[in-house]
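Structure, as structure tokens:
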Amino acid sequence: MAHKPTITFTFIRHGESTDNLRDVWAGWKDSPLSNHGMSCSQAKALGASLANIRFTAIYASPLKRALWTAQAVQDAQSEPKPPLNTSLLLREQYWGIAEGKKWTMEPWIQGLSLEDHCARGLFPVIPNRTQKFPEGESLDDLAARAREAVDDIIMPHIRSAVRAGQKDIHMAVVSHGLCISELVCALVMKDVSGRHPGDRYRGLLNTAWTRVAVGVKDTRGGEPLELPSDHLPPLEVRVTEFNRHEHLNSVARQKGGIGSAAHDPSQQDIRAFFGGGATAKQTENEEGRSESNARDEVDVTIEEGK
């Protein structure tokens with residue numbers, strides 16, 4: 001992509017939620033950010049790290065953990081603030097009857113179906129893209145919803161920018177780990193090559209971000225193009241950055257369980273309330289590693305096409 005991209009998308013995973021700390025299947029279950037995820041740590045650090053980028057617009061899942069993270073990004077932007085819109089299409093994979101239940105990495109019990117496991121109160125990791133918990137979504141279902149989100153939310157902005165010859169347009173999309181991996185794949189497949197990138201963009205830390213640049217092939221940026229209503233010239237789409245989380249380097253969890261509590265938007269700054277500033281001992285896990293879903297780890301193998 002020799003010229004400057006027509007439009008750039010930064011996909012941001014939400015901050016740590018209270019369900020992240022409970023190792024439960026958390027899809028549409030609307031758990032809030034923990035204090036560590038929001039007011040004192042991750043989301044504010046994220047917003048500050050992106051404050052020098054002028055976002056044209058921000059889109060977010062309406063679930064609290066994503067919406068509150070998006071609001072932290074918006075709050076850190078200079079005036080006039082970019083608009084913040086929500087879409088149900090940006091929600092995480094729906095786990096049906098497993099929502100809020102403990103997940104397990106243990107192997108499936110031989111001879112038992114997924115439904116049999118659920119009847120026993122066991123909700124194991126599903127190692128393929130087609131199976132799903134009763135009443136829930138499969139990974140392939142999520143991919144179809146991600147393609148719809150790209151077509152309904154992202155592509156209209158690309159068409160508008162191409163027609164007007166605009167460049168340096170930058171949008172933020174705040175969502176969830178598994179949903180973002182499918183959104184990025186759906187957008188990358190809009191490239192003229194049409195190639196699927198596989199699962200290389202799966203596994204984001206809390207508040208980590210991935211960036212995708214979109215340009216028009218064989219044209220110079222800034223040149224308006226006459227296009228039929230639903231037509232686009234060949235696009236060049238590439239992932240320029242993945243799982244960026246440098247803003248977490250200075251983030252420390254507060255002691256005494258405070259950081260793990262649900263965030264209260266009306267609460268004053270907890271650090272100031274308790275005298276502030278003390279650096280917490282580094283936690284056992286890498287900062288940002290808490291996962292909303294077991295499959296949101298890069299070392300979980302998903303069988304393709306099964």
Side-chain angles (χ1 to χ4, degrees), residues 9-22 24-34 37-38 42-44 46-47 50 55-77 81-96 98-100 132 136-139 141-157 170-187 201-212 243 245 262-263 265 288 290-296:
F9 298 91
T10 295
F11 294 89
I12 302 167
R13 187 188 177 197
H14 61 79
E16 177 191 87
S17 72
T18 54
D19 275 352
N20 283 159
L21 303 169
R22 296 176 54 233
V24 299
W25 292 105
W28 294 2
K29 185 175 180 292
D30 202 5
S31 62
L33 291 178
S34 68
M38 180 60 186
Q42 294 175 342
K44 284 194 172 180
L46 168 70
L50 298 176
F55 288 118
T56 309
I58 302 172
Y59 285 88
S61 158
L63 298 174
K64 291 188 186 77
R65 58 194 188 271
L67 180 58
W68 291 2
T69 302
Q71 288 169 340
V73 172
Q74 185 189 44
D75 289 345
Q77 292 280 290
K81 306 287 187 184
L84 171 56
N85 304 287
T86 61
S87 171
L88 295 174
L89 295 173
L90 299 177
R91 289 180 296 180
E92 183 58 296
Q93 184 173 352
Y94 182 48
W95 304 109
E99 288 280 335
K132 53 190 171 185
E137 291 180 308
S138 69
L139 205 53
D141 292 335
L142 177 63
R145 175 154 58 83
R147 291 192 294 271
E148 183 180 357
V150 167
D151 287 341
D152 289 358
I153 298 170
I154 290 177
M155 296 309 294
H157 287 276
H170 199 146
M171 295 175 54
V173 179
V174 185
S175 184
H176 310 263
L178 291 169
C179 187
I180 288 174
S181 68
E182 298 298 334
L183 287 167
V184 170
C185 286
L187 182 53
Y201 302 120
R202 179 164 58 87
L204 293 181
L205 302 185
N206 288 121
T207 67
W209 51 268
T210 291
R211 187 162 290 162
V212 180
N243 198 28
H245 56 274
H263 171 64
S290 61
E291 300 295 341
S292 61
N293 300 302
R295 280 201 313 218
D296 200 8

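Applying the side chain to side chain contact (heavy atoms under 4.5 Å, CB included) test to A172 and every residue at least two apart in sequence or in another chain returns I12, F55, I58. For A76, the side chain to side chain contact (heavy atoms under 4.5 Å, CB included) criterion is met by A51, not counting sequence neighbours. In this view, R211 and E241 satisfy the salt bridge (Lys or Arg N to Asp or Glu O under 4.0 Å) rule, not counting sequence neighbours. Partners of D152 under the salt bridge (Lys or Arg N to Asp or Glu O under 4.0 Å) rule, at least two apart in sequence or in another chain, do not exist in this structure. Considering only residues two or more places apart in sequence or on other chains, S181 meets the side chain to side chain donor-acceptor pair (under 3.5 Å) condition with none of them. With sequence neighbours left out, the salt bridge (Lys or Arg N to Asp or Glu O under 4.0 Å) criterion links R145 to E137.
Rounding to the nearest 0.5 Å places CG of L139 at 6.5 Å from CG of L178. Note that CE of M155 and CG of L187 are 7.5 Å apart. Values are rounded to the nearest 0.5 Å. Taken to the nearest 0.5 Å, the NE2 atom of H14 stands 10.0 Å off from the CD atom of Q42. Atom OG1 of T69 and atom CG of L63 lie 11.0 Å apart (nearest 0.5 Å). Note that the CZ atom of F11 and the CE atom of M171 stand 8.5 Å from one another [nearest 0.5 Å].
Between R91 and L88 the shortest side-chain heavy-atom distance falls below 4.5 Å.
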